[in-house]
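Model, not experiment: these values are computed from the prediction.
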Amino acid sequence: MKLLIFFTVTLGTLVMGLDSVYSKKHYKLSYKHRSDHKECHCLNGGTCITYYLFSGINRCICPEGYTGIHCELDTERICYTENGEDYRGMATGDKCLPWDLPSVISRGHYHARLKNALQLGLGKHSYCRNPNGRNRPWCYTKKGFTIQETPCNIEKCGHACGQRSISKYFKIVGGSQAEVESQPWIAGIFQNIRGIDQFLCGGSLIDPCWVLTAAHCFQNPSKKPQDKSIYKVFLGKSILNVTDDKEQVFMVDDIISHPDFTDDTGGNENDIALIRIRTTSGQCAVESKYVRTVCLPEKNVYLQDNTRCEISGYGKQDFYDIYYAQRLMSATVNLVSQEKCKKYYDNIRVTDNMVCAGDPVWVTDACKGDSGGPMVCEHNGRMMLYGIVSWGDGCAKANKPGVYTRVTRYLNWIDSNMNAVIAKSHFLREPK
């Protein structure tokens, strides 16, 4: 027992010289400033700790969002600004060579052995950097016996749509829980009923001030003027009934449903609507890790049958469920040809303004509550909004694929209605 007590006390003394790391709250140091502790060269608010019984052994404790020996790597940066000289993210390529590779050190002008390597972002890694002021980050690659500078395939920060910080296909009904970073354009539309905000439909952020959704979400048989004040739109929401600091909430300035929307055929024809959003102070969405726009497709884009796409939403996980899913769900579906879809349904309900998609084994599908949400497909390296969840027969029912509004048919309508609004805001920079 005495030996155990001695060992515990000794271990405690190893870290007693840590300048009371937790009590002094070093993580609240200024953003992206060097730590006061010089011996470790900790960057970005990192805290240097010293093991006194092992003289000369120091290490950096990095704040959230940073890693590396000196906290020099930004784990959340997925794009670069200006020419990327200050880019310290972790983007790389399959053929990028490590900056400390012997062949790079012997043949390259820039490598991890330079005196100012840390300042240039070079080290024991192969991440893209721009140490010589080129027009974008690059890395060394090998071609034959030569080492060459190769530009990296990394996007410039700004109004780039269809990008996300978690880039995965998730295997809604039969789907799995998804982090909102994987679908940062997803919107949750709520309606206030008797003083309680209740979930109504999904939507997609296509512009900082505009959400695209389904017209049937706002179906108004009475034809009375719509009370826009009863609606709220949430962006960056992972959990339906919980609000956190990742989220942004908006009032609804305007709802523009397609004038020719009808469900008289048994399907939803022209099932599309635009919502203009703003905060109480009049601002539009702020671009962040959790909130981004999705790309609209080009007019002539026509994806092949069986193309793999993604759907996401907070809808029911089974047709007979009473409650909506409490967490954002995501699933993959394959596009179904118009010919097949019309056989599954009929020529009257399925029109050329619609696109169908389903699971080959009929396990995953959109369901009630997913209406208005996105069906996104990858095109030219970005996620584009190819369909809007519209209607179907049941949920994940055999030979009954989901039917989606075909967005390519409404690009002129979207553009003309958005441009009709004179005061159009733009993304604010994400606060640091």
Practice problem: With disulfide bond (SG atoms under 2.5 Å apart) as the test, would you mind laying out the steps for C161 and C295 before giving the verdict? | Solution: CA-CA 5 Å; C161 60; C295 299; 2.0 Å; yes
Quiz item: Given C60 and C71, is the disulfide bond (SG atoms under 2.5 Å apart) satisfied, shown in steps?
Solution: CA-CA 7 Å; C60 295; C71 305; 4.8 Å; no
Exercise. Kindly indicate, with the supporting measurements, whether the criterion disulfide bond (SG atoms under 2.5 Å apart) is fulfilled by C48 and C42.
Key: CA-CA 6 Å; C48 182; C42 300; 4.7 Å; no
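Counting only N and O atoms by type, the side chains of T141 and T150 include a donor and acceptor under 3.5 Å apart. Under the 3.5 Å distance criterion, with hydrogens and angles disregarded, no donor-acceptor pair is assigned to the side chains of N417 and W210. Side-chain atoms of N270 and Y410 form a donor-acceptor pair, as typed in the model, at a separation below 3.5 Å. There is a side-chain donor-acceptor pair under 3.5 Å between S371 and H216. In the model, D197 has no side-chain atom that pairs as donor or acceptor with a side-chain atom of Q191 under 3.5 Å. Side chains of D263 and Q219: a donor-acceptor N/O pair is present below 3.5 angstrom, by distance only. Between N353 and R406, the side chains place no donor N or O within less than 3.5 Å of an acceptor N or O (distance only, hydrogens not considered).
Among residues at least two apart or in separate chains, disulfide (SG to SG under 2.5 Å) pairs with a member in residues 81-123 are C96-C139.
When the side chain to side chain contact (heavy atoms under 4.5 Å, CB included) test is applied to H379, the partners found at least two apart in sequence or on another chain are V301, L303, M384. Under the rule for a ring-ring contact (aromatic ring centres under 6.0 Å, His included), the partners of Y127 that lie at least two apart in sequence or sit in another chain are H125.
Of the possible donor and acceptor atoms, none in the side chain of R382 sits under 3.5 Å from a partner among the backbone N and O of G162. Of the possible polar contacts, one joining the Q338 side chain to the T351 backbone as a donor-acceptor pair under 3.5 Å is found. Here the side chain of R136 pairs a donor or acceptor atom with the backbone of I154 at under 3.5 angstrom. Of the possible donor and acceptor atoms, one in the side chain of Y87 sits under 3.5 Å from a partner among the backbone N and O of A91.
The ring of Y231 has its center closer than 6.0 angstrom to the ring center of F218. Ring-centre distance between Y290 and W185: not below the 6.0 Å cut-off.
Judged by the 6.0 Å and 45° rule, K400 forms a cation-pi pair with Y345.
Between R88 and D74 there is no salt bridge, since no side-chain nitrogen of the basic residue lies less than 4.0 Å from a carboxylate oxygen of the acidic one.
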